[in-house]
2 protein chains.
Amino acid sequence: MKPKQSNAMKTGASDAPPQFVRRIAVDHRERPSEVPAALAAHPDVRITFDQLSLGDYRIDNTLIVERKTLTDFAQSVRDGRLFAQASRLIRVKRARPCLILEGTRINHWSAALPRTALQGALITVTLVFGLPVLRSASPEETANLILYAADQLHRRATRPPKRRGYHPKGLNRQQNFLLQTIPEIGPTRAQRLLNTFGTPFGVASATIDDLQMVDGIGKSAATKIHQVFHGP
Amino acid sequence: MKPKQSNAMKTGASDAPPQFVRRIAVDHRERPSEVPAALAAHPDVRITFDQLSLGDYRIDNTLIVERKTLTDFAQSVRDGRLFAQASRLIRVKRARPCLILEGTRINHWSAALPRTALQGALITVTLVFGLPVLRSASPEETANLILYAADQLHRRATRPPKRRGYHPKGLNRQQNFLLQTIPEIGPTRAQRLLNTFGTPFGVASATIDDLQMVDGIGKSAATKIHQVFHGP
DNA sequence: TGAGAGAGGGTGTGA
DNA sequence: TCACACCCTCTCTCA
Ligand SMILES: [Mg+2]
Ligand SMILES: [Mg+2]
């Protein structure tokens, strides 16, 4: 919209002055959108148009962004293109893929899916495919997101060595955690088991009947415990 | 609880009749929220309040949900709790972790961060930490998201892409995770231990010398293992 | 035969 | 999820 003062943009991307020029390859199909202009309005950003085989924006092998307006998104859900694309994106090595969903239901009302369909698709993409999804309200915000994300990821790569903390967890806590990996066993039941049988070995040695004598452990949990320790 | 909503059936979660009862463990700190009631309003859903060591909603080996209202989220960004929590969530092995951000700026105006700060935090959480984030407009929608997500994940044999190490399935997987809670034991050594001793009980019964015969297990690891199972 | 050093691998941490 | 520092383990060498 207003590609002038860089300082006017309040995004962290420009707040923290970028150390060096960020080169962004933009798919030529994105040319008609307002995002490239918004990107170029930032200082230290150089964009080049290119034909990208995957994604719409690429920043030096750290970030690949697929941008979709709500309308695009709805369309790609309907024709099933979305999931194919998502699965190609997550397969990319060496770079973090990411989907930016641009727009609100207000300005994309015509193409909007029912909200539940939208959410359903988002769940599949995010949770099942594991593809990170960000939402943006406008092309300008999309540009800011891209830059901020690129900076974050880049910072990770160029980071001074850091101190490693070590955490000597107490033994009891350790044992408690071990038992908690058993389904239906949380901190409370884990502790009760330890109180009753003394150690994880004690728990492991108990019979299903023994186990059921513990307060809060029923047949189901007792069976599970025994099964995890001894197999079916 | 107030299971009066019958109109709550608008989600895909209930559109496709669930195959079996979904048991959801809810952290007791979520009791005051409206989400549990919204969950319970669904057919075939049984919720139990429990103390969860991590996350707010847990559907057995499938999904762990951390729910945050916008207000919570803003707070946790400010005090830095967010990233610590995210990194704990991302390391959960038993199930797929996920953050649901509930609310809009409209009804959480008071606590809202500047939009850029919100986006910045979301970028870090999603892109850098790789934690899936979903957004919800209301407690009811949160409930729908949880159920739909659980169904999706359960349905898909497709496990989300590889984590480091071996990826066994079923019971063996649980046994593997159990052993991984021991210091110095990761996926690789856990699997070797299981291959050698058959079950966690077998491992627990082994002497320190027995343990050291496993490839990759030395004196230090053997001692730790024995100690966790038997105490000092 | 035992000690010690060095390499490689695995784990755990931070982001 | 990814990258990598650290430390355990194993092997090889030399006494
Ligand atoms: Mg596109
Ligand atoms: Mg919470």
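Chain identifiers are assigned alphabetically (A, B, ...) following the order of the sequence lines, protein sequences preceding nucleic acid strands; residue numbering begins at 1 within each chain.
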Exercise. Side chains of A/Leu99 and A/Leu134: closer than 4.5 Å at any heavy-atom pair?
Worked result: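 No, their side chains stay 4.5 Å or more apart.
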Exercise. Are B/Tyr57 and B/Ile47 side-chain neighbours, meaning at least one heavy-atom pair lies under 4.5 Å?
Worked result: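 Side chain of B/Tyr57 against side chain of B/Ile47, heavy atoms only: no contact under 4.5 Å found.
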Side chains of [X] and [Y] only: does a donor on one sit below 3.5 Å from an acceptor on the other?
X        : Y        : value
A/Asn144 : A/His42  : yes
A/Gln51  : A/Asp27  : no
B/Gln212 : B/Lys219 : no

Can you tell me the distance, in whole Å, between the [atom1] atom of [X] and the [atom2] atom of [N]?
X        : N      : atom1 : atom2 : value
A/Leu63  : D/dA3  : CG    : P     : 14 Å
B/Leu89  : D/dT1  : CG    : P     : 13 Å
B/Ile225 : C/dG10 : CD1   : P     : 15 Å
B/Leu127 : D/dT1  : CG    : P     : 13 Å
A/Arg91  : D/dC2  : CZ    : P     : 13 Å
B/Leu82  : C/dA15 : CG    : P     : 14 Å
A/Gln152 : C/dA15 : CD    : P     : 11 Å
B/Gln85  : C/dG14 : CD    : P     : 16 Å

Problem set entry | Toward the 5' end of DNA chain D, by each residue's nearest nucleotide, B/Phe129 or A/Ala157 |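 Counting from the 5' end, the first nearest nucleotide belongs to B/Phe129.
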Problem set entry | Partner set under ring pair (Phe, Tyr, Trp, His ring centres under 6.0 Å) for B/Phe177, not counting sequence neighbours |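 Ring pair (Phe, Tyr, Trp, His ring centres under 6.0 Å) list for B/Phe177, sorted by chain: empty.
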Problem set entry | Distance, nearest 0.5 Å, that separates OG of B/Ser205 from CG of B/Asp210 |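 Reported to 0.5 Å precision, the distance equals 9.5 Å.
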Problem set entry | Residue B/Pro187, side-chain atoms from C-beta onward, closest of D/dT1, C/dG10, C/dT11 |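 Nearest to the side chain of B/Pro187 among the choices is C/dT11.
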Exercise. Using 4.0 Å as the upper bound for N to carboxylate O, is an ion pair formed by B/Arg22 and B/Asp151?
Worked result: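 A salt bridge links B/Asp151 with B/Arg22.
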For this session: Would you mind checking if B/Glu102 and B/Lys68 are paired as a salt bridge, meaning a charged N to carboxylate O distance below 4.0 Å?
Result: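 No, this pair does not count.
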Exercise. Using a cut-off of 4.0 Å on non-hydrogen atoms, how would the nucleic acid contact of B/Pro183 be classed: base, sugar-phosphate, or nothing?
Worked result: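 Sugar-phosphate contact only - B/Pro183 comes under 4.0 Å of backbone atoms but never of a base.
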For this session: Taking only the side-chain nitrogens and oxygens of A/Arg94, find out if one of them lies under 4.0 Å from OP1 or OP2 of D/dC2.
Result: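 For A/Arg94, the contact criterion (side-chain N or O under 4.0 Å from OP1 or OP2 of D/dC2) is not met.
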Exercise. Distance check: side-chain N/O of A/Arg155 vs OP1/OP2 of D/dA3, anything under 4.0 Å?
Worked result: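 For D/dA3, neither OP1 nor OP2 has a side-chain N or O of A/Arg155 closer than 4.0 Å.
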Side chains of residues 225-232 of chain A: which donor-acceptor pairs under 3.5 Å do they make with residues two or more places apart or in other chains?
from	atom 1	to	atom 2	distance (Å)
A/His230	ND1	A/His226	O	3.3
A/His230	NE2	A/Ala204	O	3.3

Problem set entry | Partner residues of A/Asp79 under the side-chain contact (heavy atoms from CB on, under 4.5 Å) criterion, sequence neighbours left out |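 Once residues adjacent in sequence are excluded, the partners of A/Asp79 under the side-chain contact (heavy atoms from CB on, under 4.5 Å) criterion are A/Gln75, A/Ser76, A/Arg81.
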Exercise. Do you know the tightest heavy-atom contact between B/Glu30 and B/Val26?
Worked result: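 Reported closest heavy-atom pair: CB-CG1, 3.7 Å.
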Exercise. Heavy atom of residues 196-211 of chain B under 4.0 Å from DNA chain D: which residues?
Worked result: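 Nothing qualifies; none.
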Problem set entry | Residues within residues 173-182 of chain A bordering DNA chain C, heavy-atom distance below 4.0 Å |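 Residues of residues 173-182 of chain A under 4.0 Å from DNA chain C: none.
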Check: protein-nucleotides 9-13 of chain D nitrogen or oxygen pairs below 3.5 Å:
from	atom 1	to	atom 2	distance (Å)
D/dT9	OP1	B/Gly218	N	2.7
D/dT9	OP1	B/Gly218	O	3.3
D/dT9	OP1	B/Ala221	N	2.9
D/dT9	OP2	B/Ser220	N	3.2
D/dT9	O5'	B/Gly218	N	3.2
D/dC10	OP1	B/Gly216	N	2.7

